[in-house]
Amino acid sequence: MFPYLCHHMNKEVRTRFAPSPTGGLHLGGVRTALYSYLYAKKHAGTFVLRVEDTDQTRYVEGAEKYILDCLDWCGIAPDESPLKSGPYAPYRQSERKPMYKQYALQLIENGHAYYAFDTPEDLEKMRMDLKSEKNPSPQYDHSTRMQMKNSLTLTTEEVNELLAKNTPYVVRIKMPSNETISFTDMIRGEINNDSNLVDDKVLLKGDGMPTYHLAVVVDDYLMKITHAFRGEEWLPSAPVHIKLWDYLGWKNEMPQWAHLPLILKPDGNGKLSKRDGDRLGFPVFAMNWFDPKTNETTIGFKEIGFLPEAFINLLAMLGWHSGEEKELFSKDELIAVFSMERVHKGGAKFDYEKAKWFNHEWLKAISEDRCMMSVKPILESKGIVIQDDAYLLKVIRAVKDRCTLLNDFYTQSVYFFETPKSFDIDAIKPKWNDDKTAFFHELMSQCATIKNWNAVELETIFKDIATAKNIKMGELQMPFRIMLVGGKFGPGVFEIAEMIGKESTFERVKLVLGML
RNA sequence: GCCGCGUUGGUCAAUCGGUUAAGACGCCUCCCUUUCACGGAGGAAUGACGAGUUCGAUUCUCGUACGUGGUACCA
């Protein structure tokens, strides 16, 4: 029925995420990886990570490991990667360097590419000479290539001589003239480009490394990639890739393209960047990123207290929608319902409030054990000593609904473990009087004889004394809360008192009484 | 400048020619709660603009505007 689709339908689905190891892993990058992962898993396929480290000048130590760690944390670890080798190794383009040149040469041989010997100065001169108001950025293309120093304008002998003398050169694609280059994008449908407007992109650089354009085509072919997802910023260079697949004779093996919409900054306009996060106070990287060049650490979603479940859930919903009202999806549910037909075309502004809402929902959804596993190390890292997991579990139950991020558990539960370091005295001092001081002394003396310290009994005694002394409960509960918690928050006071025990309760009451 | 892509409430979005134009986040009000949350019930708020096609356009076509991406020996 659709013969042109058959070659894809019969193949094992293979998708890839191909980041450059140049820094922190951005939200948009994780989402590209996530969609690639979901698509592959939905079709029982393979998800590959290929490191695009062809630009040696931008290489950052540690970035590759970091990216793998991020994917791991998100639960979308690749099936094949530099660390988990597979049938198409190596998975680093720098290690694949010897593989690219032959294809560049093949293109030259077939007349679809050419040697270019222009120096950076030559290029600069051409651009300066041709630059005008109408044409602010002149290109190396069909209109200019015959004025440049390349194997199209030089004789074969001249070219061979330059080559023999090891003259630096690049290989450029020779874009065709007067041709409409078309392809079908999974998200956007048919896209057409005028070949005259596309420049002769460099394929092989002076250092022998391929550019992205050559490498992505060669590697997607060699690695048998069937579906290639990438950011929308690649759309303008897609025609170059389309022609490359064609010229290399691999047209029938070309993957289906999907150019994902951009994630935009919440205010104003433009692509979301690390700077926006710094400015607006939210992370844009998946995990903490330590930049060895600046010695600066940028906060990540993980470290600020996001659950990986929530993180991929919110990312999935940023640019995709199931069509139903359900918004909370586990990874497995996403795999089941994900479809490219429901990916949006337009960019989406990132909304941190909504992101936090997802985490809050996930916090409610996960098991108490799971929650404890995540929270315990956070509390311990802040110096809280946890002797009893059963007690921790009770604390978590008591404060869970009040927490949005994992780190909130600290402020919401420190007072269960230690005496508050500060008390919001201003909240009670103005209305304080001797009657109230007497109330608390009476409370302690009556409680001293309690055999079974618990919230119900404490509350009864508390109320009885209040009634006897004719003081409103509200006037007493708040001070009591401040004494135990330090501030105006937390679960019911009597419940807190029961949990921290009689001794701690009295200790804190006396402490604050002394401050009034 | 040129080229590509996009445009439903403040934000994420449903709708695939006929609806009172869903739902969620956020915001506001009320209830619950003598704290902060959770929860519950309500509310305000939307099809960029202009043509055309059609009995009928948010939906299809064209134009305009706006936004965004690209225009490197960076990816």
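Keep in mind the model is a prediction, meaning the values are calculated, not measured. Protein chains get the first letters and strands the later ones, always in sequence-line order, with residue 1 at the start of each.
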Side chain of [X]: nearest nucleotide among [options]?
{"X": "A:W234", "options": "B:rA75, B:rA14, B:rU35", "answer": "B:rA75"}
{"X": "A:E327", "options": "B:rG23, B:rA13, B:rC73", "answer": "B:rG23"}
{"X": "A:P236", "options": "B:rG70, B:rU71, B:rU15", "answer": "B:rG70"}
{"X": "A:L197", "options": "B:rC3, B:rG6, B:rA13", "answer": "B:rC3"}
{"X": "A:M478", "options": "B:rC74, B:rA14, B:rU35", "answer": "B:rU35"}
{"X": "A:D401", "options": "B:rG70, B:rC38, B:rC73", "answer": "B:rC38"}
{"X": "A:L123", "options": "B:rG4, B:rC73, B:rA13", "answer": "B:rC73"}
{"X": "A:L235", "options": "B:rC5, B:rA75, B:rU35", "answer": "B:rC5"}
{"X": "A:N135", "options": "B:rC3, B:rG70, B:rG1", "answer": "B:rG1"}
{"X": "A:I191", "options": "B:rU35, B:rC5, B:rG6", "answer": "B:rC5"}

Taking the [atom1] atom in each of [N] and [M], what is the distance between them to the nearest angstrom?
{"N": "B:rA65", "M": "B:rA75", "atom1": "C1'", "value": "32 Å"}
{"N": "B:rA14", "M": "B:rU19", "atom1": "C1'", "value": "12 Å"}
{"N": "B:rG9", "M": "B:rC28", "atom1": "C1'", "value": "15 Å"}
{"N": "B:rU7", "M": "B:rG47", "atom1": "C1'", "value": "10 Å"}
{"N": "B:rC30", "M": "B:rU46", "atom1": "P", "value": "24 Å"}
{"N": "B:rU61", "M": "B:rU68", "atom1": "C1'", "value": "24 Å"}

For [X] and [N], give me the distance from atom [atom1] to atom [atom2], rounded to whole Å.
{"X": "A:K345", "N": "B:rC5", "atom1": "NZ", "atom2": "P", "answer": "11 Å"}
{"X": "A:D122", "N": "B:rA72", "atom1": "CG", "atom2": "P", "answer": "16 Å"}
{"X": "A:L272", "N": "B:rU68", "atom1": "CG", "atom2": "C1'", "answer": "14 Å"}
{"X": "A:M317", "N": "B:rA14", "atom1": "CE", "atom2": "P", "answer": "9 Å"}
{"X": "A:D141", "N": "B:rC3", "atom1": "CG", "atom2": "C1'", "answer": "12 Å"}
{"X": "A:E232", "N": "B:rU7", "atom1": "CD", "atom2": "P", "answer": "10 Å"}
{"X": "A:K472", "N": "B:rU35", "atom1": "NZ", "atom2": "P", "answer": "14 Å"}
{"X": "A:K436", "N": "B:rU34", "atom1": "NZ", "atom2": "C1'", "answer": "12 Å"}

Quick check, are the ring centers of [X] and [Y] under 6.0 angstrom apart?
{"X": "A:W289", "Y": "A:Y66", "value": "yes"}
{"X": "A:F306", "Y": "A:F358", "value": "no"}
{"X": "A:Y221", "Y": "A:Y103", "value": "no"}
{"X": "A:F338", "Y": "A:F329", "value": "no"}
{"X": "A:F311", "Y": "A:F301", "value": "yes"}

Greater than 12 external heavy atoms within 6.0 Å of [X]'s [atom1]:
{"X": "A:K293", "atom1": "NZ", "result": "yes"}
{"X": "A:K400", "atom1": "NZ", "result": "yes"}
{"X": "A:K431", "atom1": "NZ", "result": "no"}
{"X": "A:E61", "atom1": "CD", "result": "no"}

Ranges pairing with ranges for RNA chain B, where each run has three or more Watson-Crick or G-U pairs under 3.5 Å: B:1-7 with B:65-71, B:10-12 with B:23-25, B:27-31 with B:39-43, B:48-52 with B:60-64
Salt bridge (charged side-chain N to carboxylate O under 4.0 Å, His left out) filter on A:R58, not counting sequence neighbours, yields A:D55
Go through the steps to decide whether A:F462 and A:F480 satisfy the test ring pair (Phe, Tyr, Trp, His ring centres under 6.0 Å), and finish with yes or no. CA-CA 10 Å; A:F462 195 100; A:F480 194 32; 5.3 Å; yes
Under 4.0 angstrom between [X] side-chain N/O and [N] OP1 or OP2:
{"X": "A:K400", "N": "B:rG39", "result": "no"}
{"X": "A:R50", "N": "B:rA75", "result": "no"}
{"X": "A:H344", "N": "B:rA14", "result": "yes"}

Where along residues 349-366 of chain A does a heavy atom fall under 4.0 Å from RNA chain B? A:K349, A:D351, A:E353, A:K354, A:W357, A:H360, A:K364
RNA chain B-proximal residues of residues 52-66 of chain A, any heavy atom under 4.0 Å: A:E52, A:T54, A:D55, A:R58
Answer yes or no: side-chain N or O of A:R402 and base N or O of B:rC36 forming a donor-acceptor pair under 3.5 Å. yes
Please report, to 0.1 Å, the donor-acceptor pairs under 3.5 Å made by any side chain of residues 484-500 of chain A, with sequence neighbours excluded.
{"from": "A:E498", "atom 1": "OE1", "to": "A:A455", "atom 2": "N", "distance (Å)": "2.8"}

Check every strand shown and say whether A:R230 touches a base, only sugar-phosphate, or nothing at a heavy-atom separation below 4.0 Å. nothing
Heavy atoms only, 4.0 Å cut-off, all strands: where does A:S20 land among base, sugar-phosphate and nothing? sugar-phosphate
Using 30° and 60° as the class boundaries, would you call the ring planes of A:Y212 and A:H241 parallel, tilted or perpendicular? perpendicular
Answer syn or anti for B:rC31, where the cut-off is 90° from 0 on the glycosidic torsion. anti
Please name all residues satisfying ring-ring contact (aromatic ring centres under 6.0 Å, His included) with A:F117, sequence neighbours left out, ordered by chain then number. none
